[in-house]
Amino acid sequence: RSTVLRLRDSRRVPGPNLLHARPGAVLDVTGPEAEVESLVAPWAEAARRMLDAVGWDAEETAHRRFRRGVSLFLTAPLDGLYAATEVNEWAFSAAHAQLEQGEAPDFDEACARLRDLIEEEANPALLALRDAAAERGVLFLADRRLCSVGMGTGSRRWFVDEIPAPDEVHWSYRHDVPLAVVTGTNGKSTTVRATASILRAAGLEPGTCSTDGVLVGDEWLDRGDFSGPEGARRVLRDRYVSAAVLETARGGLLRRGLGVPRADVAAVLNVAEDHLGEFGIGTLEELVQVKLVLHRAVERGGRFVLNLDDPALAAWQAETATPVDGFTMETETAARIRSGDFGGAGAWLDGESLVLCLEGEASTVAEVAEVPITLGGAARHNVQN
């Protein structure tokens, strides 16, 4: 019998993502529901067998079902993500052959080939620098060409084939800068620009990436859509940047994961049915989970900012009881923010006044009419954001 399973996409995912907090490789497979369901167990078994055989016994597998399909994920070392896609594809082929009752790919031959790929891609110097950065509490970023430690004014970068030993790095000069990540359906770029203006008024040199481009201070470094990991790296490796605000769009989250492993602030502005049908995201509820990947980046002491007027986001907060800094245009929700129901600070609209509340103390920031992008209050999303 034919299982009618189709491999739609195979990609590496370097950042925190929908399936796991760690980097790895993912396959998107589609087919009839029963056939997809029957694939998961043999795939997981084949993946586990090969991961152990190639020396990746600490790596994990995960999967996410969606309508007429499944995403199959396995974690992998940062210097083995391309090889990980090959391991994942082999596991799929082995599972598919088992379901078809056909000839399975030769395990020993595949294992030898995959070991060679892993050895060829391995970069011990990269992992040593990553671990040294983690010990010192500074950000580490890597891509095909470059790696870096620190952010903005405290960053330093090297080509991946010219990485120094950790004790050759002047760590006293390496540090991070304040970092915020922003996602949502409406108003991401506007919110990024507004936040950058606040930072500039506070005497900092902001760096931003968005669907408009990469901007440091008043200088555009590049124009176009840089709302993914590449834009994040461009900003965070710029030595003029003393604070960063990164727009994080749905596409980048699904293709490569979150561009940074951690942030001081993450904001989810709103979620609407937009771009459904890509990468196995077919419903609003699934899209909400994509946007909420940003929550993985907020460490203890950071702030997670949520639109409490968005029904799907409010429902998630109520279900998880996750502490959030909420914002709202509703009087009742504003009262709950002030009383501490949501566990954090907040902001709301009081008549025509924009109010900020910190530690139970509320103060007026501005009148709506004083903020041009609100169009006198008519632009609801801009008022919220």
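Looking at R6, its side chain never comes within 3.5 Å of a backbone N or O of G31 through a donor-acceptor pair. In this structure a side-chain-to-backbone donor-acceptor pair under 3.5 Å is missing from N186 to H381. Between the side chain of R336 and the backbone N or O of E332 there is no donor-acceptor pair closer than 3.5 Å. In this structure a side-chain-to-backbone donor-acceptor pair under 3.5 Å is present from Q317 to T322. Side chain of S210 to backbone of D212: a donor-acceptor contact under 3.5 angstrom is found. Within the 3.5 Å criterion, the main-chain N or O of M329 finds no donor-acceptor partner in the side chain of T333. Listed for the E89 side chain is no donor-acceptor partner under 3.5 Å among the backbone atoms of S10. A donor-acceptor distance shorter than 3.5 angstrom exists from the side chain of E370 to the backbone of E367, with no hydrogens or angles considered. Checked by atom type and distance alone, the side chain of N270 pairs as donor or acceptor with a backbone atom of T185 at under 3.5 Å. A donor-acceptor distance shorter than 3.5 angstrom exists from the side chain of D310 to the backbone of V271, with no hydrogens or angles considered.
One side chain, E59 or T75, offers a donor N or O that lies under 3.5 Å from an acceptor on the other. With no hydrogens or angles considered, a side-chain donor-acceptor pair links T328 and D309 at under 3.5 Å.
Under 4.0 Å is where a charged nitrogen must lie from a carboxylate oxygen, and between R233 and D143 at least one such pair does. D52 and R48 are joined by a salt bridge, as a carboxylate oxygen and a charged side-chain nitrogen come within less than 4.0 angstrom of each other. A salt bridge is defined here as a Lys NZ or Arg NE, NH1 or NH2 lying under 4.0 Å from an Asp or Glu carboxylate O, and D222 with R234 meets this definition. Using a 4.0 Å cut-off between charged side-chain N and carboxylate O, R262 and D176 make a salt bridge. For R8 and D28, the salt-bridge test fails: no basic side-chain N is under 4.0 Å from an acidic carboxylate O. Salt bridge R255/D9: absent, no basic N to carboxylate O contact under 4.0 Å.
Geometric assessment of R174 against the ring of W171 yields a negative cation-pi assignment under the 6.0 Å and 45° thresholds.
Counting heavy atoms from C-beta outward, I337 and W348 have side chains that approach closer than 4.5 Å. The shortest side-chain heavy-atom distance between D264 and E299 does not fall under the 4.5 Å cut-off. Annotation: side chain of T195 is not in contact with side chain of V182 (no heavy-atom distance under 4.5 Å). Residues V288 and K291 are not in side-chain contact: their nearest non-hydrogen atoms beyond the backbone lie 4.5 Å or more apart. L292 is not listed as a side-chain neighbour of L294, based on a closest heavy-atom distance of 4.5 Å or more. The shortest side-chain heavy-atom distance between L126 and L78 falls under the 4.5 Å cut-off. For the pair L141 and C147, the minimum side-chain heavy-atom distance is 4.5 Å or more.
Atom CG of residue L114 and atom CD of residue E119 lie 13.0 Å apart, to the nearest 0.5 angstrom. If you take CZ on F226 and CH2 on W220, they are separated by 10.5 Å, rounding to the nearest 0.5 Å. Taken from OG1 in T183 to CZ in R250, the straight-line distance is 9.5 Å, to the nearest 0.5 Å. Taking CG of L246 as the reference point, atom CG of L236 lies at 5.5 Å (rounded to 0.5 Å). Rounding to the nearest 0.5 Å places CD of E100 at 7.5 Å from CG of L5. Considering CD of E135 and CZ of R130, their distance stands at 11.0 Å, rounded to 0.5 Å.
For W43, the side chain to side chain donor-acceptor pair (under 3.5 Å) partners are N88, not counting sequence neighbours.
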Show your reasoning for whether salt bridge (Lys or Arg N to Asp or Glu O under 4.0 Å) applies to R256 and E230.
CA-CA 10 Å; R256 294 287 180 256; E230 181 184 353; over 6 Å; no

Test side-chain contact (heavy atoms from CB on, under 4.5 Å) on I281 and F66 and set out the steps.
CA-CA 7 Å; I281 303 301; F66 53 88; over 6 Å; no

Please walk me through it: do L74 and V87 pass side-chain contact (heavy atoms from CB on, under 4.5 Å)?
CA-CA 9 Å; L74 51 86; V87 173; 4.1 Å; yes

As a quick check of understanding, evaluate side-chain contact (heavy atoms from CB on, under 4.5 Å) for T248 and L253, giving each step before the final call.
CA-CA 7 Å; T248 306; L253 285 169; 3.7 Å; yes

Could you please spell out the steps behind the side-chain contact (heavy atoms from CB on, under 4.5 Å) verdict for F73 and T61?
CA-CA 6 Å; F73 180 85; T61 62; over 6 Å; no

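Enclosure of atom CD in E33 is not indicated, since only 12 or fewer non-hydrogen atoms of other residues, nucleotides or ligands lie within 6.0 angstrom. Other residues, nucleotides and ligands contribute at most 12 non-hydrogen atoms within 6.0 Å of the OH atom of Y240.
Ring geometry for Y173 against H170 counts as perpendicular: the plane angle is over 60°, on a 0 to 90° scale with 30° as the lower cut. In this pair, W90 and F107 present their aromatic rings perpendicular. The plane angle is above 60°, beyond the 30 to 60° band.
Listed by first and then second residue, the salt bridge (Lys or Arg N to Asp or Glu O under 4.0 Å) pairs involving residues 60-74 are R22-E60, E37-R65, R64-E286 (not counting sequence neighbours).
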Acceptor/donor pairs from residues 148-167 side chains to any protein atom, 3.5 angstrom cut, sequence neighbours excluded:
from	atom 1	to	atom 2	distance (Å)
S148	OG	R237	NE	2.9
S155	OG	G152	O	2.7

